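Position 1 is the first residue of the sequence, and the numbers go up from there. Only a predicted model underlies this, so the values are computations on that prediction, with no experimental measurement involved.
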Amino acid sequence: MSGERQVRVYSAGGCEIVALLGEIDHATAPLVERDVLASVRATTGVVVDLTRTTFLDSAGLLCLDRMVTAFGDRGAPVRVAAPADGMVRFTLDLIGFLPDLLTEDVDAAVAAMTR
């Protein structure tokens with residue numbers, strides 16, 4: 001699966017939503033990162049939607065970290081939506097991913113951005 005098919009970008013609630021689909025691993029992470037950073041220019045807020053991400057390895061975690069850093073450098077607040085009972089969230093919790101950025105779903109992430 002190419003990076004283009006794994007990334008969906010749309011707007012909701014004044015934020016840009018970046019949905020990452022399927023497995024984000026060593027084979028796909030560089031394409032995903034490139035596509036996301038090239039297509040998302042918003043500074044009002046970005047939600048990285050991992051609700052339909054099925055697997056995230058170390059390359060996927062690095063990709064996510066780089067995206068969060070890049071959006072932050074652009075002045076765009078970021079939230080990451082990952083269901084609490086999913087494997088991706090388990091991985092994020094295990095590595096100590098910034099808990100203040102995590103929400104359970106996209107609606108909660110958008111709401112956190114607009115408070």
Task: side chain to side chain contact (heavy atoms under 4.5 Å, CB included) evaluation trace for L61 with I24 - done: CA-CA 8 Å; L61 291 168; I24 311 300; over 6 Å; no

Open item on the list: Taking R89 first and then D85, would you say they form a salt bridge - that is, a charged N and a carboxylate O separated by under 4.0 Å?
Closed with: no

Open item on the list: Nearest 0.5 angstrom please: F97 CZ to D65 CG, how far?
Closed with: 7.0 Å

Open item on the list: Using 0.5 Å steps for rounding, measure from the OG atom of S58 to the CD1 atom of I95.
Closed with: 10.0 Å

Open item on the list: Going by side chain to side chain contact (heavy atoms under 4.5 Å, CB included), R8 matches just one of V18, L21, I17. Which one?
Closed with: L21

Task: Value rounded to 0.5 Å, distance of CG in L62 from CE in M67 - done: 10.0 Å

Task: Nearest heavy atoms of G14 and T44, plus distance in Å - done: O-OG1, 2.9 Å

Task: Any R74 side-chain heavy atom under 4.5 Å of L37 side chain - done: yes

Task: ILVMFWY cluster, V80 and V106 together (side-chain gap under 4.5 Å) - done: no

- [ ] Could you tell me whether a side-chain N or O of D25 sits under 3.5 Å from a main-chain N or O of F55, the two making a donor and an acceptor?
- [x] no

- [ ] Report yes if some heavy atom in the side chain of L102 is under 4.5 Å from a heavy atom in the side chain of D93; otherwise report no.
- [x] yes

- [ ] Heavy atoms only: give me the nearest T28-E23 pair and the separation to one decimal.
- [x] OG1-O, 3.1 Å

Task: hydrophobic_cluster_shared for V110 and V40, side chain cutoff 4.5 Å - done: no

Open item on the list: Starting from V68, can I reach M113 by hopping between I/L/V/M/F/W/Y residues whose side chains sit under 4.5 Å apart?
Closed with: no

TODO: Kindly determine whether D35 and V9 satisfy side chain to side chain contact (heavy atoms under 4.5 Å, CB included), including the steps that lead there.
DONE: CA-CA 10 Å; D35 292 344; V9 179; over 6 Å; no

Open item on the list: Quick check on the hydrophobic clustering: are M87 and V48 connected, directly or via other members, by side-chain heavy-atom contacts under 4.5 Å?
Closed with: no

Task: Considering all heavy atoms, the nearest C63-A29 contact - done: SG-O, 3.7 Å

TODO: Indicate the atoms forming the closest heavy-atom contact of H26 with D57, along with that distance.
DONE: N-OD2, 3.1 Å

Task: Among T53, V36, L50, V88, the one residue meeting side chain to side chain contact (heavy atoms under 4.5 Å, CB included) with L64 - done: L50

TODO: Identify the two heavy atoms, one from A76 and one from G45, that lie closest to each other, and give their separation to 0.1 Å.
DONE: CB-N, 4.4 Å

- [ ] Establish whether V78 and L92 are linked, either directly or via other cluster members, by ILVMFWY side-chain heavy-atom contacts under 4.5 Å.
- [x] yes

